[in-house]
2 protein chains.
Amino acid sequence: MREQFHDQLRQVFIDLAGICRQVETAVARATQALMSGDAAIAEQVISADIEIDRAREHVEDSAFELLSLQQPVAGDLRTVVAALRMVSELERMGDLSVHVAKIARLRVPAIAVPEPARPTMSRMGLVAEDMVRRVADIITSRDVEAAIALGRDDEEMDQLRRTSFAELLADDWSAGVEAAIDIALLGRYYERIADHAVSVANRVVFVVTGEHPSAVG
Amino acid sequence: MREQFHDQLRQVFIDLAGICRQVETAVARATQALMSGDAAIAEQVISADIEIDRAREHVEDSAFELLSLQQPVAGDLRTVVAALRMVSELERMGDLSVHVAKIARLRVPAIAVPEPARPTMSRMGLVAEDMVRRVADIITSRDVEAAIALGRDDEEMDQLRRTSFAELLADDWSAGVEAAIDIALLGRYYERIADHAVSVANRVVFVVTGEHPSAVG
């Protein structure tokens, strides 16, 4: 019974890592669509989101089954509940990628991000993608050190957001109000993807150590 | 044992309704600070958020205790897990109120929302506050009809968001890029508060009927 439980729980974490890889693809493609104005890539992100939603439902069903049939306690219980929370956050990261793709699609055939804002926005996309990739590895490896490092690297995203605002509010901003609003919202979406990535990594720390990262790192 | 379980579960839902009332106050005060440029009210929202966080921790501890000591199955299990999700969303709604209050505080002694955008933004604040108040009632009453009605009324928030964008992008917008960015982000925060309100109400429907609202209403 306990062995079966741990096999099933292992499978839940394999599924979580798989969803995280799907989110990584969504973030990468959304940024590509945004920077190129390619409607077909934006559509791919939007239509693929249903697969992330389905994968979430599958993980939720498995977690409920574990809770219901195996009635775990203590650390095992906390691990199953953590998995339920992680899958909610991963789904939300997928939704945020869809928001980025929709702004890209809305401006086709133009490109939503005007020239002066492109380096910062492009870097935001890369940082977000890199953080999601590392979270997928962290879910698989349960590497506490890597999870704590991810939290520190989130600071680059915060700094990029400040840089982006400074660009929008500079005297020489000439791309207009619409582009500025797009960029402010895009920055918010990437920042939230990064926040969720850190939160998922923190839940891995909690599963492994029984402590929240602030108590560990 | 079962009676004790149901007493404890009832207390969890009383606590959830209490947190929802705290969020209602946070939303109301954040809007007030935003519309008046009153730094003291903004500070109240920001400093009171720790109470919402503490109340969330208390509900989480109670829910874990229920799962761990009482090992519920079927509908009872789903209800406890729903409570864990509801409390996460309520905490998030508190955080979003803090975001609104921080934009208000950032612009003091000026008012973040310029004259032409005030009616729409003020209405957004009222709709969000009203939705949160109704969710608190729905958690207490478990009124499925009221919960389904809330989902429909979320459409007003979506319409207000479109109106707000139209105002920002009108030819006669003269309040500048900074104010436009503030308003776009504020609109996003209120929209997310409304989304979470609908989601919490939907979870009540699920707890009562065992079905998601799309299958009920």
Side-chain angles (χ1 to χ4, degrees), chain A residues 57 60-61 63-78 80-89 92 95-96 99 103 106 117 161 164-189 191-192 195-196 199 203 212, chain B residues 57 60-61 63-78 80-89 92 95-96 99 103 106 117 161 164-189 191-192 195-196 199 203 212:
Chain A
E57 280 168 30
E60 286 184 350
D61 290 347
F64 272 115
E65 205 182 294
L66 282 172
L67 287 174
S68 189
L69 301 180
Q70 313 269 3
Q71 310 222 322
V73 294
D76 287 341
L77 173 61
R78 289 188 181 272
V80 177
V81 172
L84 277 170
R85 289 181 162 158
M86 289 161 77
V87 80
S88 294
E89 298 206 73
R92 186 79 206 123
D95 291 344
L96 290 159
H99 288 331
I103 290 184
L106 193 64
R161 192 105 198 281
S164 174
F165 277 124
E167 289 167 357
L168 299 179
L169 299 175
D171 289 337
D172 62 353
W173 178 260
S174 60
V177 171
E178 186 171 78
I181 292 173
D182 281 349
I183 289 165
L185 291 174
L186 288 163
R188 174 78 186 154
Y189 301 146
E191 181 188 39
R192 290 298 297 154
D195 288 344
H196 283 296
S199 174
R203 293 191 198 285
H212 288 287
Chain B
E57 281 168 29
E60 285 184 352
D61 290 346
F64 272 115
E65 206 182 293
L66 282 173
L67 288 174
S68 191
L69 300 181
Q70 312 268 2
Q71 310 221 321
V73 293
D76 287 341
L77 172 60
R78 288 187 182 273
V80 177
V81 172
L84 277 170
R85 290 181 162 161
M86 288 161 78
V87 79
S88 293
E89 298 207 71
R92 186 79 206 122
D95 292 343
L96 289 159
H99 289 331
I103 290 185
L106 194 64
R161 192 105 197 279
S164 174
F165 278 124
E167 289 167 357
L168 299 179
L169 299 175
D171 289 338
D172 61 353
W173 178 260
S174 60
V177 170
E178 184 170 79
I181 292 172
D182 280 349
I183 288 165
L185 291 173
L186 289 164
R188 174 79 188 153
Y189 300 146
E191 181 188 39
R192 291 296 300 154
D195 288 345
H196 283 295
S199 174
R203 293 191 198 283
H212 288 288

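Order of the sequence lines fixes the chain letters, A, B, ..., with proteins taken first and strands second; residue numbering starts at 1 for each chain.
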- Drop me the distance from A:Leu186's CG to A:Arg161's CZ, to the nearest 0.5 angstrom. 10.0 Å
- Message: Please evaluate residues B:Arg92 and B:Glu89 with respect to the criterion salt bridge (Lys or Arg N to Asp or Glu O under 4.0 Å), reporting the C-alpha separation (whole Å), side-chain torsions for both, the decisive distance (0.1 Å), and the verdict.
- Response: CA-CA 5 Å; B:Arg92 186 79 206 122; B:Glu89 298 207 71; over 6 Å; no
- Item | A:Glu65, part contacting chain B, at a heavy-atom distance under 4.5 Å | neither
- Message: Quick check on B:Arg85 against chain A: is it the side chain, the backbone, both or neither that has a heavy atom closer than 4.5 Å?
- Response: side chain
- Taken to the nearest 0.5 Å, the spacing of A:Leu66 CG from A:Gln71 CD works out to 11.5 Å
- Is it the side chain or the backbone of A:Ala63 that comes within 4.5 Å of chain B heavy atoms, both, or neither? neither
- Honestly, the part of B:Leu168 sitting under 4.5 Å from a heavy atom of chain A is both
- Rounded to the nearest 0.5 Å, how far does CD1 of A:Ile181 lie from CZ of B:Phe165? 6.0 Å
- Message: Would you compute the distance between atom CZ of A:Arg192 and atom CG of A:Asp95 and round it to the nearest 0.5 angstrom?
- Response: 12.0 Å
- Message: If I measure from the heavy atoms of chain B, does A:Leu67 come under 4.5 Å with its side chain, its backbone, both, or neither?
- Response: both
